[in-house]
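Notes follow once the structure below has been shown.
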2 protein chains.
Amino acid sequence: MGIKERKEREKNRRRDQILSAAIELTGQQGFEKTTMDEIAEKAELSKGTLYLYYKDKSSLYQAIKKRALQSLHQDFLTVLQQDKPGALLVKEMTSSFLDMIQKNITFTKAIMLYRGSESSDSDQQSSIAEKCLNIENDVNMLMVKAIQIGVQDGSITTKLDPKLLALQIGFQMRGLLQFYILDNKNMGVKIFKEQNLTLGELMDQFLNIHLNHVEKP
Amino acid sequence: MGIKERKEREKNRRRDQILSAAIELTGQQGFEKTTMDEIAEKAELSKGTLYLYYKDKSSLYQAIKKRALQSLHQDFLTVLQQDKPGALLVKEMTSSFLDMIQKNITFTKAIMLYRGSESSDSDQQSSIAEKCLNIENDVNMLMVKAIQIGVQDGSITTKLDPKLLALQIGFQMRGLLQFYILDNKNMGVKIFKEQNLTLGELMDQFLNIHLNHVEKP
DNA sequence: GCAGTTAATGACTATCAGTCAATAAATGGG
DNA sequence: CCCATTTATTGACTGATAGTCATTAACTGC
């Protein structure tokens, strides 16, 4: 009896149907502006059904975030499977990241700026949120891996523990992302334009410094 | 006739009364969880009055943010007035920043995670938001100043334009902040504990690399 | 085909941002 | 001091929307 299995598949399909609708609307209008009713309509389901598949709006947000992280993880994996110097792998990973955030600015803003958790009930964490953290860890691990390769093959010179270096590169990516999201009147943007830089070039400058660091004589 | 002036003062006092109430509640519960009714009650005013002083909840958020930025700006100014090597000034600025965010985590989260703008009506920008940007720019300028001092006195060695370096340090601060706010269960924290590092030490490592960069021979 | 189980529905409730007509307080000329 | 006018304050009301739940529909296996 494959009924259990079929039902499981159907459930997953519904879940996906809802998630896809939510992602599409979020990309168009932002997450805050998207209502559960709209998502229900787009998914061709009633609102009540939404709540059978996602505990609340915040869970749905976490699921969207999870999707994006999975995609990034996949990109990083693909990069890592190439046989190239570690330093190049790191650069390509950061490029993947920049590509992703530039693909849909509304979506990126939504993902980054929603305060999913603001003092959430600490004992009853959504399992999706947990999974997001796990994927984030995995992504970070891939960066660590690339750095280790680079240290081995000599393309990266650093005093830092690869884990710490990966962490700092992660900080920089986040910071750059925030900057990218923020208002255009920001002075940073002016500097940016003055010097005719792209996000990618800025990131490369950063990496050049960090991946080729030697002590001052 | 000092009546106009007195009325002006009273208006400012009201505005401040409201803002203080909002800041206190935000520090306790986060901004999202704080309702306009609660703020009104705490400020001993009716809700309608709140809206005479702040256009909407988002304006109030901007005002809170402005306060925090002013405080940071003041801290940076104080640092800059010392007669010390530029590299040290930069380090002290980042320390001030870390102190501020660690003072009240709920408040910091609220400030950083609220999406004030998500596709705001672009032509009708709140003037408070403008002021926030200006202060942010001023803060950034102080960092640039400190870097220039460091380049002059030889305590900082870098190929980068001081403005760009300040920008990158800014990215790192933002990234570190996000990390501090979001990833409490994340791998980063584990690394942290493994290596027994504080936020400040991590930042210092970063600065050591960036403020003492020489080309590999 | 029918009893029991599972899934889906949408009208309903609760909460909260924001409004506005009514009211109160302050002002200043006579 | 009085009253007309201006300015400030109020809180009941509205509208939007997240989330619920009793009811209905669909499916399952005997």
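In what follows, chains carry the letters A, B, and so on, assigned in the order in which the sequence lines appear, proteins first and then strands, with residues in each chain numbered from 1.
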Using whole Å, report how far CD1 of B:I39 lies from C1' of C:dG18. 13 Å
With sequence neighbours excluded, what pairs up with B:F171 under the ring pair (Phe, Tyr, Trp, His ring centres under 6.0 Å) test? A:F179
B:T35 has its side chain closest, among C:dA26, D:dG19, C:dA17, to C:dA17
Calculate the interatomic distance between B:K33 atom NZ and D:dA18 atom P; express it in whole Å. 16 Å
Polar atoms only, N or O, under 3.5 Å: list the protein pairs with nucleotides 4-9 of chain C and their distances.
from, atom 1, to, atom 2, distance (Å)
C:dA8, OP1, A:R14, NE, 2.6
C:dA8, OP1, A:R14, NH2, 3.4
C:dA8, OP2, A:Y53, OH, 2.9
C:dT9, OP2, A:S46, N, 3.0
C:dT9, OP2, A:S46, OG, 3.3
C:dT9, OP2, A:T49, OG1, 2.7
C:dT9, O5', A:S46, OG, 3.4

In this structure, how many angstroms lie between the P atom of D:dT7 and the OH atom of B:Y51, rounded? 24 Å
Find the distance between CD (A:E201) and CD (A:Q195) and round it off to the nearest 0.5 Å. 11.0 Å
For the pair made of OH in B:Y61 and P in C:dC16, what is the distance, rounded to whole Å? 20 Å
Residue pairs involving residues 38-48 of chain B (criterion salt bridge (charged side-chain N to carboxylate O under 4.0 Å, His left out); sequence neighbours excluded): B:E24-B:K42, B:D37-B:K47
Just how far, in rounded Å, is P of D:dT17 from CD of A:Q29? 10 Å
Could you tell me how far apart A:F31 (CZ) and D:dA18 (C1') are, to the nearest whole angstrom? 11 Å
Verify salt bridge (Lys or Arg N to Asp or Glu O under 4.0 Å) between B:E10 and B:R6, making sure each step is shown before the conclusion. CA-CA 6 Å; B:E10 276 172 1; B:R6 181 176 51 87; 3.3 Å; yes
Below 4.0 Å: OP1/OP2 of D:dT28 and any side-chain N or O of A:R6: yes
Hey, can you tell me if B:F206 and A:F206 have their rings parallel, tilted or perpendicular (30° and 60° cut-offs)? parallel
Atom pair distance, as rounded to whole Å: CD in B:E32 and P in D:dT17: 15 Å
Going through the checks in order, is the salt bridge (Lys or Arg N to Asp or Glu O under 4.0 Å) test met by B:R67 and B:D16? CA-CA 11 Å; B:R67 266 279 178 91; B:D16 207 73; 2.6 Å; yes
Nucleotide D:dT20, atom C1' - distance to CG of A:D37 in whole Å: 13 Å
